[in-house]
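Okay, structure first, notes after.
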Amino acid sequence: GSVPARDRALAQVFTKKNVDLLVVKELDRLGRDTLDIRQTISELKERGIRLFITNFNMGSHTGTGRKENPVFNLVIAVMAELAEIERLRLKDRQREGVAIAKRRGIYKGRKKGTVDSPQKVIGKYPKIVKELGKGTSIRRTAVLCDVSKGTVQKVKKALDV
């Protein structure tokens, strides 16, 4: 996925006032690219939330928890870059695999011009229908339902038909 950390469940940590330590298994849980990871760590730091990454067995602060761990920042910078590179490589390999499958006739994708009926679209997204029924804006509905603005617009169009 490419959803920024602040738009995922991790954002709930930022809003809680009594959190002082966040433990994650892997660095990529903090974001999808180097910038996202650095922003997440920066926001944690601003809120006074210490961070511990279990697969590195390393935390943002020393054992006492009062002093920042300078080695942590260096390791995070390097590992965030490596994580982003790996993600890009994975996307390239996926694109190559799809291209090979298309050449072999295995992967065809959706037929051009096929669309769901308005009833099917409405049935597929009941949460969106509910929010739009309350008069919630398209943007707000997209955020609340964790979908794209285009999806909300498609549902709204189906409702208007």
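Note that the structure is predicted; figures quoted are calculated from it, not measured.
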What's the verdict on salt bridge (Lys or Arg N to Asp or Glu O under 4.0 Å) for Lys157 and Asp160, showing C-alpha distance, side-chain angles and the deciding distance? CA-CA 5 Å; Lys157 183 178 178 185; Asp160 293 340; over 6 Å; no

Please tabulate, for the side chains in residues 72-86, all donor-acceptor contacts under 3.5 angstrom to protein atoms that are two or more places apart in sequence or on a different chain.
| unit_1 | atom_1 | unit_2 | atom_2 | d |
| --- | --- | --- | --- | --- |
| Glu81 | OE2 | Thr34 | OG1 | 3.3 |
| Glu84 | OE1 | Thr34 | N | 3.1 |
| Glu84 | OE1 | Thr34 | OG1 | 2.6 |
| Glu86 | OE1 | Arg89 | NH1 | 3.2 |
| Glu86 | OE2 | Arg93 | NH2 | 3.3 |

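- Criterion: ILVMFWY side-chain heavy atoms under 4.5 Å apart, direct or through other members. Under it, Ile37 and Val71 are part of a common hydrophobic cluster.
- Between Lys130 and Pro126, the closest side-chain pair of non-hydrogen atoms is not below 4.5 Å.
- Using a 4.5 Å heavy-atom threshold, the side chains of Cys145 and Ile128 count as touching.
- Val19 and Ile49 make their closest contact through O-CG1, 3.5 Å (heavy atoms, listed as atom of the first residue, atom of the second, distance).
- At least one side-chain heavy atom of Leu51 sits less than 4.5 Å from a side-chain heavy atom of Leu30.
- Looking at heavy atoms from C-beta onward, Arg50 lies out of side-chain contact with Leu22 at the 4.5 angstrom threshold.
- Looking only at distances, no side-chain donor or acceptor of Ser42 sits under 3.5 Å from a matching main-chain atom of Arg38.
- When hydrophobic clusters are built by joining Ile, Leu, Val, Met, Phe, Trp and Tyr residues whose side-chain heavy atoms come closer than 4.5 Å, directly or via intermediates, Ile138 is grouped together with Leu159.
- Between the side chain of Ser137 and the main chain of Arg140, a donor-acceptor pair closer than 3.5 Å is present.
- With contacts defined as side-chain heavy-atom distances shorter than 4.5 Å, the pair Val152/Tyr125 does not qualify.
- Scanning for salt bridge (charged side-chain N to carboxylate O under 4.0 Å, His left out) contacts around Lys102 gives an empty result, with sequence neighbours left out.
- Note that NZ of Lys124 and OG1 of Thr151 are 9.0 Å apart. Values are rounded to the nearest 0.5 Å.
- Using modelled atom types, no side-chain atom of Asn69 and backbone atom of Ser60 make a donor-acceptor pair closer than 3.5 Å.
- Counting only heavy atoms from C-beta outward, the side chains of Lys67 and His61 never approach each other to under 4.5 Å.
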Audit row: Glu131, Lys127, salt bridge (Lys or Arg N to Asp or Glu O under 4.0 Å) steps and yes/no: CA-CA 6 Å; Glu131 288 301 324; Lys127 283 176 63 180; over 6 Å; no

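- To the nearest 0.5 Å, atom CG of residue Leu132 and atom CD1 of residue Ile122 are 10.0 Å apart.
- No side-chain heavy atom of Ile53 sits less than 4.5 Å from a side-chain heavy atom of Met58.
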